[in-house]
Amino acid sequence: LDELAAELSRGVAAGVVTEEALRGKIGVLIDALAQQPQWSDVPIVFLSRSGADSPAAVRAMELLGNVAILDRPVRIATLLSALKTAIRARQRQYELRDRIAALHRSEERFELATQATSDAIWDLNLVSSADAGARVFTQSEFGYSPAELKSDTNTWLDRVHPQDRDRVLESLQRALQSDQPLWSEEYRFRHAEGEYLHILDRAHITRNSLGQAVRAVGAMMDITERKLADQQRALYAAIVESTDDAIISKSLDGTIRSWNPGAERLFGYTAEEAIGGNVMMIIPPHKRGEEAEDLYRM
């Protein structure tokens, strides 16, 4: 039993124990089995002289757990069959151990990824579970806790701007019903303090062998500052395009980068003719030295 207990700590396929052996210090074997990891349930083949209903066999099943009883004398073929069955069961346990370890590594990577981003990470389960059809947020920004956004299936959608709600929902449903693996949409989402933020929402859709969507994992990114900057640039561009003044931009070597309609009217060159050319083309000859000096100082 001491030797068997030592082997258990190193990892075994199965154990074969006789009725006579259990008359010894069985505690060492019980302790070794108790120290096995949670996924482990070591198969024990118990060779009994007194039959499967004997006190010794009952005691073995109570103390050792995963026990198969064989009456002695036992045929070699029967013993080999029992051991092969035990080994196959043990192999499945090791496969389960590997899947659990892989899942833990995946969860750890996912947790590190969520900590490295300010995006709101969500998980949409589309199959049978308590959370089926609901966005479950593993990480949430926008002033809400994950628990607040998990309260019911419509919590996320209720916070989407009313003018965007139908469009976004239709877009998501269309993506889930198609065969595409990715979905993305921009919309406005209400912050906990009441203001609406511009959101870029992206997701990866997982499908089963029939092509049906079973899960979507995504991230909501706050792009409010970018949207405001785009609007500001659009405003500036409109001003530049509509003014009668000539507005020109150039690089440090004097290459013309932009040329508005006012410049076309003033200098007579179209934007296609001017952009890419050198600014010296519109500088009077007697001023070119000053322009060259200005460019040098830049």
Examine distances only and state if a side-chain atom of [X] and a backbone atom of [Y] form a donor-acceptor pair shorter than 3.5 Å.
| X | Y | value |
| --- | --- | --- |
| D222 | A120 | no |
| R159 | R190 | no |
| E186 | H198 | no |
| R207 | L176 | yes |
| W259 | Y269 | yes |

Between atom [atom1] of [X] and atom [atom2] of [Y], what is the distance when rounded to the nearest 0.5 Å?
| X | Y | atom1 | atom2 | value |
| --- | --- | --- | --- | --- |
| M280 | K250 | CE | NZ | 8.0 Å |
| M281 | I256 | CE | CD1 | 5.5 Å |
| R92 | D41 | CZ | CG | 12.0 Å |
| I44 | L4 | CD1 | CG | 6.0 Å |
| L63 | L33 | CG | CG | 10.0 Å |
| I100 | Q38 | CD1 | CD | 8.5 Å |

Could you report the tightest heavy-atom contact between [X] and [Y], atom names first, then the distance?
| X | Y | value |
| --- | --- | --- |
| N66 | Q93 | ND2-NE2, 4.3 Å |
| I248 | A263 | CG1-CB, 4.1 Å |
| L22 | A60 | CD1-CB, 3.7 Å |
| A86 | A14 | CB-CB, 3.9 Å |
| Y196 | H161 | CE2-CA, 3.6 Å |
| F46 | A57 | CE2-CA, 3.8 Å |

Legend entry - Pairing of R167 and E170 as salt bridge, 4.0 angstrom limit: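 Salt bridge flag = no for E170 with R167.
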Legend entry - Residues E19 and R72 bridged, charged N to O under 4.0 Å: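 Salt bridge flag = no for R72 with E19.
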Legend entry - Distance-only side-chain donor-acceptor flag, R90 / S40, under 3.5 Å: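 Yes, a side-chain donor-acceptor pair sits under 3.5 Å.
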Inset, instruction - Let me see the working for D201 and M220 under side-chain contact (heavy atoms from CB on, under 4.5 Å), right down to the final yes or no. - result: CA-CA 4 Å; D201 201 347; M220 295 168 59; 3.4 Å; yes
Inset, instruction - Given side-chain contact (heavy atoms from CB on, under 4.5 Å), test L172 with V168 step by step and report yes or no. - result: CA-CA 6 Å; L172 179 59; V168 173; 5.5 Å; no
